[in-house]
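Single-structure report; data block below.
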Amino acid sequence: MAWDCDKFRSTFPSVYFFEKLYLLVGPLVVFHYCRAFRTLMGYASMDQSGAGMISRQYCRAFIFADPNNSTQRVVFVTAEIGMISQRVRLAVSGKIKYGDLYGPDNVVLSGTHTHSGPGGYFQYTIYMISSRGFIKPSFNAIVNGILESIATAHENMVKGRVFINKGLVENTQINRSPLSYLNNPESERLRYTSNTDKEMVLLKMVADNGQEIGMLSWFAIHPVSMNNTNLHTSSDNIGYAAYLFEEEKNKGYLTGKGPYVAGFASSNLGDVSPNIQGPHCINTGDSCENLNNYCPIGGTKMCIAKGPGKDMLESTQIIGRNIYLKAKELYSTAFEEINGPIHSAHQWVDMSNITVQLNATHTGKTCKPALGYSFAAGTMDGPGMFNFTQGMIEGNSFWDAVRDAVLTRPSKETEECHKPKPILIPTGELSKPYPWHPNIIDIQIITVGSLAILALPGEFSYVLSFFIYLYICKEFESHGKTEMNVVLSGLCNIYTHYIATYEEYQIQRYEGASTLFGPHTLSAYIQLYRGLAKAIAEGTARDLPNLPEPPILNVTDLTFLPIIRDAKPLDRNYGDVLQDVQPKYRMVGTLLLLYKTFVTNFTFLTVEKYDNTSNHWKVMYNDASWDTRFTWQKDIWGRSTSIVQWHISNNTEPGTYRIQYFGHSKELLRPIRSFSGSSLQFEVSG
């Protein structure tokens, strides 16, 4: 969201594997996780264990430095994961290289919020429960990937220019809590032409020699086109947009290998859904666009939003392509240059204890973190469990009793502070085995000339975001900075769930119930971010009061995952092809696919074409391509089967092809061993 103020290879015994791939040029590093029994992060569904891969997940780093003062620089990292955890933030800050050049004051880490990425990289209990523990290989993969991304960017910096452009993206999003939106004052709603923020802001980066080197954009969209039945890792709609942009700019390179880097970062996506057909009862087809997202038959579990495609993968690609096409248009017409000094302001604050001035006579206060009943209901993009519904402003005696017996009863102070939220989980009053939620979080603003990027620690709703923009813009204007472009960047540095306006909070739909620090959270953030903006404008950022950095909790490897060992039939080898390809295929758009099956536990795949000139095989696609897919199926007695699919597009070069597979096995009392498999040769014709 933006406005102008003027108008790795590491392994874990047969459970997780990580592969990282570094570009020779360009700030891009890839995460890849492929192993079953690893819960995906986003929907908090224990049934959603990873079992394959649609796309790799990338981390992209952008460094902006003052050519006249190389120590004045800021870093923005967008990683294709669910969100940034405080544990990741602290680890990256502690391990980053180059002396004092980079640190928490000038480095922003942002997650794209895909719901089809790995879990297990949090240190607070509530997140560990939903992702089956603290999974050290996943955590290390993410931290090392971010560090390598920053290092690659640092080592390949060039002098260049930055241009900005903005435009509206149509037919791509809907508000998933319209009744909450309508509870905002009419005078406020009259400011907007839509109940979602349709604006994309884009930065175009060009080297002094004219070479295009990258772009970075922000747009409010939930990457939930892939729903909670998906078991394949995927960067979702926003990742597909990045894939298309980089494929266009890096022609002749394999996916993820080219020098050009396209970052699509998250924004104020709190109440935005890409499932533009809206919520319908999947058993009757009737609309369930009501306060509770409830179906007369089947309840909330039947109320699911879909679209616009015939399935979730097609929907992902349609929404992603819409975003890509707007970015491409804005990129080609980006002529307004960003110039000026580079600054940053950062604070550690206790969000559970902020006093805010509501008006001339009244103050308010934030609360210890707590989740309301409607948190358990989920949303139309991913319904929750049991009999919970959205819009619950009263508790339930049964669930209150369960909560009191298993967890703890919330204190009177916390109950009073959070009203009208009925508290289901008083996370701020739970500390075993570890604290359930953080109290100390960090807030941050970085500026590059007339561009101000607010690093927001959660999912902010549309109306709330405009309030923050308005006050930050006015703060800069009061100090003579009248032409600032303010960008709201979501899911940065730490995850604190949702942030709703005071009026939206009263409705207690999912977003309000997930507003951790109570009804005055918005007022607190306005106050805090105004302080950061003032410090930047006055040049006093170093003098900001700061709490001590929160600790890294002593969670080393707490996993609820089963231990898996690999095995194979005595008459088989790892990598044996169980079902091979046909000898010939014709190109029929994306409808035709081929597949083969291996006895295996891990995959890296290549689709290779025979070059008659060199008499060698040339890799045309790899497992990072959206045209390939890998599915892992666990069988009994340690056996497993992998299915490799290639969707032959209508622009595929005719010729002789084969599919190669590269994997590893880990048997009981044996070391990890590599193996490979290959299909028969086959022909692709036009």
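In this text the structure is predicted, and so the values were computed from the model without any measurement.
Between the side chain of Asp197 and the main chain of Ala220, no donor-acceptor pair closer than 3.5 Å is present. Between the Gln357 side chain and the Asn359 main chain, a donor and an acceptor come within less than 3.5 Å of each other. In this structure a side-chain-to-backbone donor-acceptor pair under 3.5 Å is missing from Asn237 to Thr316. Between the side chain of Thr196 and the main chain of Ile174, no donor-acceptor pair closer than 3.5 Å is present. A donor-acceptor pair is defined here as one N or O able to donate and one able to accept, closer than 3.5 Å; such a pair exists between the side chain of Arg509 and the backbone of Arg176. In this structure, Gln57 contributes its side chain and Glu80 its backbone to a donor-acceptor pair below 3.5 Å. A distance-only check finds a donor-acceptor pair linking the side chain of Asn183 to the backbone of Glu503 [under 3.5 Å]. In this structure a side-chain-to-backbone donor-acceptor pair under 3.5 Å is missing from His520 to Gly518. With hydrogens and angles disregarded, no donor-acceptor distance shorter than 3.5 Å links the side chain of Ser234 to the backbone of Ser116. Side-chain atoms of His222 come within 3.5 Å of backbone N or O of Val272 as a donor-acceptor pair.
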| task | Please report the C-alpha distance between His115 and Tyr43 in whole Å, then the side-chain angles of each, then the deciding distance to 0.1 Å, and finally whether the ring-ring contact (aromatic ring centres under 6.0 Å, His included) criterion is met. | result | CA-CA 6 Å; His115 285 43; Tyr43 291 111; 4.8 Å; yes
| task | Give the C-alpha distance, both sets of side-chain angles, the deciding distance and a yes or no for side chain to side chain contact (heavy atoms under 4.5 Å, CB included) between Leu544 and Leu532. | result | CA-CA 8 Å; Leu544 285 167; Leu532 295 182; 3.6 Å; yes
| query | ring-ring contact (aromatic ring centres under 6.0 Å, His included) between Tyr495 and Phe122: does it pass, once the steps are laid out? | reply | CA-CA 10 Å; Tyr495 185 61; Phe122 294 80; 7.2 Å; no
| task | Check step by step if side-chain hydrogen bond (donor to acceptor under 3.5 Å, both in side chains) holds for Asn493 and Gln444. | result | CA-CA 9 Å; Asn493 301 331; Gln444 188 175 21; 2.9 Å; yes
| Test log, rule side chain to side chain contact (heavy atoms under 4.5 Å, CB included), inputs Phe375 and Tyr510 | CA-CA 5 Å; Phe375 161 76; Tyr510 178 79; 4.0 Å; yes
| field | Glu511/Ser177 under side-chain hydrogen bond (donor to acceptor under 3.5 Å, both in side chains): CA gap, chis, key distance, verdict | value | CA-CA 8 Å; Glu511 294 80 13; Ser177 283; 2.6 Å; yes
| task | Please report the C-alpha distance between Tyr127 and His497 in whole Å, then the side-chain angles of each, then the deciding distance to 0.1 Å, and finally whether the ring-ring contact (aromatic ring centres under 6.0 Å, His included) criterion is met. | result | CA-CA 11 Å; Tyr127 307 118; His497 296 258; 5.5 Å; yes
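In this model, no donor atom of one side chain and acceptor atom of the other lie less than 3.5 Å apart for Trp218 and Ser266. A donor-acceptor contact under 3.5 angstrom links the side chains of Ser273 and Asp381, judged on distance only. Ser85 and Gln123 share no donor-acceptor pair across their side chains, judged by distance under 3.5 Å alone. In the model, Asn184 has a side-chain atom that pairs as donor or acceptor with a side-chain atom of Thr501 under 3.5 Å.
Applying the side chain to side chain donor-acceptor pair (under 3.5 Å) test to pairs two or more places apart or on separate chains, those with a residue in residues 396-410 are Tyr373-Asp400, Asn387-Trp399, Asp400-Arg403. Residue pairs that meet the side chain to side chain donor-acceptor pair (under 3.5 Å) test with at least one member in residues 523-536, sequence neighbours left out, are Glu475-Arg530.
Nearest heavy atoms, Tyr124 versus Trp436: CB-O, 3.5 Å. Across every non-hydrogen atom of Asp105 and His346, the tightest pair is OD1-ND1, 3.3 Å. Minimum heavy-atom separation, Gly120 to Ser131: N-OG, 3.2 Å. When all heavy atoms of Gln48 and Leu231 are compared, the closest pair comes out as CA-CD2, 3.8 Å. Summarising the geometry of Cys288 relative to Ile304, their closest heavy-atom pair is SG-N, 4.4 Å, with the distance given to 0.1 Å.
Taking Pro551 as the reference, Leu553 meet the side-chain contact (heavy atoms from CB on, under 4.5 Å) condition, with sequence neighbours excluded. By the salt bridge (Lys or Arg N to Asp or Glu O under 4.0 Å) test, Glu415 is found to be paired with no residue, residues two or more places apart in sequence or in another chain being considered. For Cys492, there are no disulfide bond (SG atoms under 2.5 Å apart) partners two or more places apart in sequence or in a different chain. Annotation: side-chain contact (heavy atoms from CB on, under 4.5 Å) contacts of Pro420 (sequence neighbours excluded): Tyr505, Gln506.
Residues Leu109 and Phe76 form no side-chain contact, since every pair of their non-hydrogen atoms from C-beta on lies 4.5 Å or further apart. In this structure, Ile441 and Val349 have side chains that are in contact, with non-hydrogen atoms separated by less than 4.5 Å. The side-chain heavy atoms of Ile468 and Leu522, taken from C-beta on, include a pair separated by under 4.5 Å. Side-chain contact between Val77 and Cys59: present, with at least one pair of heavy atoms (C-beta onward) separated by less than 4.5 Å. By the 4.5 Å heavy-atom criterion applied to side chains, Ser225 and Met312 are not counted as neighbours.
The line from OG1 of Thr233 to CD1 of Ile54 is 7.5 Å long, rounded to the nearest 0.5 Å. One finds the CD1 atom of Ile150 at 15.0 Å from the CZ atom of Arg60 (value rounded to the nearest 0.5 Å). Taking CG of Asn353 as the start and CZ of Phe517 as the end, the distance is 11.5 Å to the nearest 0.5 Å. How far CD1 of Ile443 is from CD1 of Ile494: 12.0 Å, rounded to the nearest 0.5 Å. Rounded to the nearest 0.5 angstrom, Ser352 OG and Ile440 CD1 are separated by 6.5 Å.
Using cut-offs of 30° and 60° for the angle between ring planes, the Phe386 and Phe388 rings count as perpendicular.
Cation-pi check for Arg87 over Phe139 is met; the charged atom lies under 6.0 angstrom from the ring centroid and within 45 degrees of its normal.
In this structure, cysteines Cys281 and Cys295 have SG atoms closer than 2.5 angstrom.
More than 12 heavy atoms of other residues, nucleotides or ligands shown are found within 6.0 angstrom of CG on Leu291.
Taking the ring centroids of Tyr498 and Phe460, they lie at or beyond the 6.0 Å cut-off.
The pair Glu413-Lys368 fails the salt-bridge criterion, with no side-chain N (NZ, NE, NH1 or NH2) lying under 4.0 Å from an Asp/Glu carboxylate O.
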